[in-house]
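Everything on this sheet refers to the single structure shown next.
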Amino acid sequence: MTAVTAETRRPDTATSPPAAGLPALVLRARALPRRALVPRALRYVRRRVVAAVERRRDRGARTYLAADPGAGGELHAYFAAPEVEALLPHAEQVAALAGHYLEHRFDLLGSGWVRVRHGAACRGVAGHRYGPGAAVVPDAEGRWLQELLPAGNLPESQRIWRLVDGGYLPVDWQLDFKSGFRWSERTWSADVPYGHLPGVDVKVPWELARMQHLPQLATAYALAGRAGAAGRGFRPPEEYAREFRNQVLDF
């Protein structure tokens with residue numbers, strides 16, 4: 001997606017978890033009575049065969065739903081939006097946070113504010129730092145995605161990318177921006193490795209993917225147009241709306 005006490009070269013693609021678990025599997029098998037071992041072994045072989053078939057099938061298939069089951073339906077809101085006036089006392093904080101998000105800087109799980117982009121050099125964790133991956137040069141047609149995405153998803157991803165505003169630089173959603181390790185978009189879901197290298201935490205990109213910063217961008221948009229928020233560090237409202245849209249499309 002060597003030694004890791006210093007900056008290391010990042011693999012271009014993530015691989016399956018290392019085979020270190022095989023000896024443990026053999027030990028567990030030897031501890032089982034024979035009458036229990038055979039059914040378990042058969043189930044294990046079946047799972048591996050099914051996984052191999054599905055992995056091969058999915059490499060060329062899309063991973064999204066082609067038809068929108070909610071097309072023409074009604075969106076339901078489960079929580080009422082707060083009154084904008086109630087947010088005015090927090091205007092400076094909202095403006096500061098939204099300013100970071102406009103620049104693609106995030107502070108999650110103790111990372112500190114880090115700009116998350118392709119080719120970023122990260123600080124590392126407890127001496128374990130993985131070298132930066134390749135930077136990207138996004139083009140309007142989405143040709144840059146050919147080097148990253150599986151074939152089944154490429155046409156639709158390029159179509160979506162063409163909806164993104166020109167000049168927008170993509171976020172690297174696959175990056176552990178604490179350690180610097182990057183997972184590959186082409187890795188089959190069941191093969192995604194985690195807990196396999198020191199300092200690497202898959203929860204970092206997972207947490208970013210929760211998009212908990214988007215409501216704050218929406219709040220900044222709402223406050224930026226209010227007279228009571230003038231002079232409190234906001235940019236024009238359309239900047240927040242544009243960034244919200246671009247990040248959703250990018251993701």
Side-chain angles (χ1 to χ4, degrees), residues 64-65 68 70-109 111-120 135-146 148-149 153-175 177 185 204-251:
Y64 59 89
L65 187 64
D68 180 5
E74 181 182 354
L75 291 176
H76 297 279
Y78 295 94
F79 301 98
E83 295 293 333
V84 176
E85 287 72 17
L87 301 172
L88 283 173
H90 310 285
E92 285 85 357
Q93 182 181 10
V94 171
L97 289 171
H100 284 295
Y101 303 142
L102 289 174
E103 302 296 329
H104 299 174
R105 291 192 297 265
F106 304 96
D107 181 5
L108 296 170
L109 302 178
S111 67
W113 289 106
V114 178
R115 189 181 181 198
V116 182
R117 58 182 176 82
H118 292 266
V136 300
V137 182
D139 60 284
E141 295 301 313
R143 288 185 291 269
W144 66 279
L145 294 167
Q146 294 175 0
L148 299 175
L149 300 181
N153 287 343
L154 183 60
E156 179 66 5
S157 296
Q158 290 178 322
R159 184 192 71 81
I160 293 172
W161 177 258
R162 288 194 289 270
L163 301 174
V164 174
D165 291 329
Y168 173 88
L169 295 178
V171 175
D172 190 348
W173 304 100
Q174 306 291 123
L175 178 67
F177 50 89
E185 294 90 337
V204 175
W206 283 355
E207 193 68 19
L208 178 59
R210 292 176 184 271
M211 295 289 199
Q212 296 184 89
H213 62 282
L214 291 186
Q216 299 178 57
L217 277 175
T219 300
Y221 169 81
L223 286 173
R226 292 298 177 110
R232 300 172 79 170
F234 287 100
R235 301 188 192 184
E238 57 272 15
E239 289 194 30
Y240 302 111
R242 186 165 55 245
E243 184 63 26
F244 187 110
R245 177 178 180 274
N246 286 337
Q247 284 195 28
V248 171
L249 293 170
D250 178 19
F251 182 80

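Please read these numbers as outputs of a predicted model, since none were measured by experiment.
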side-chain contact (heavy atoms from CB on, under 4.5 Å) evaluation trace for Trp144 with Val137: CA-CA 7 Å; Trp144 66 279; Val137 182; over 6 Å; no
List the steps, then state whether salt bridge (Lys or Arg N to Asp or Glu O under 4.0 Å) holds for Arg159 with Glu156. CA-CA 5 Å; Arg159 184 192 71 81; Glu156 179 66 5; 2.8 Å; yes
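Interatomic distance, CD of Gln247 versus CG of Leu217, reported as 6.0 Å (0.5 Å rounding). Summarising the geometry, atom OG belonging to Ser157 is positioned 10.5 Å from atom CG belonging to Asp250; distances are rounded to the nearest 0.5 Å. Distance check: Tyr221 OH to Glu239 CD gives 13.0 Å after rounding to the nearest 0.5 Å. Note: Asp172 CG to Phe177 CZ = 10.5 Å, rounded to the nearest 0.5 Å. Atom-to-atom distance recorded for Leu97:CG and Glu92:CD is 12.0 Å, nearest 0.5 angstrom. A distance of 10.5 Å separates NE2 in His90 from OG1 in Thr219, rounded to the nearest 0.5 Å.
Looking at heavy atoms from C-beta onward, Phe251 lies out of side-chain contact with Val171 at the 4.5 angstrom threshold. Between Leu148 and Gln174, the closest side-chain pair of non-hydrogen atoms is not below 4.5 Å. Contact of the Leu87 side chain with the Val94 side chain is not registered, since no non-hydrogen atoms from C-beta on lie closer than 4.5 Å. Side-chain contact check for Arg115 versus Leu169: some heavy-atom pair is nearer than 4.5 Å. By the 4.5 Å heavy-atom criterion applied to side chains, Leu102 and Tyr240 are counted as neighbours. Put simply, the side chain of Leu108 does not reach to within 4.5 Å of the side chain of Val204, judged on heavy atoms.
Proximity of a side-chain donor or acceptor of Trp161 to a complementary backbone N or O of Arg143 within less than 3.5 Å is not detected. Side chain of Asn246 to backbone of Asp165: a donor-acceptor contact under 3.5 angstrom is found. Under the 3.5 Å distance criterion, the side-chain polar atoms of Arg245 are matched with a main-chain donor or acceptor of Leu163.
In the displayed structure, Glu83 atom CD is contacted under 6.0 Å by at most 12 heavy atoms of other residues, nucleotides or ligands.
Aromatic ring orientation, His213 versus Phe106: perpendicular (interplanar angle above 60°, classes split at 30° and 60°).
Counted by atom type alone, Glu243 and His104 present one or more donor-acceptor pairs between their side chains at under 3.5 Å.
The two residues Pro170 and Val136 come nearest to each other via the heavy atoms CG-CG2, 4.1 Å. When all heavy atoms are compared, the tightest approach of Glu74 to His76 is O-CD2, 3.5 Å.
Within the structure, salt bridge (Lys or Arg N to Asp or Glu O under 4.0 Å) contacts touching residues 93-109 (residues at least two apart or in different chains) are Glu103-Arg235.
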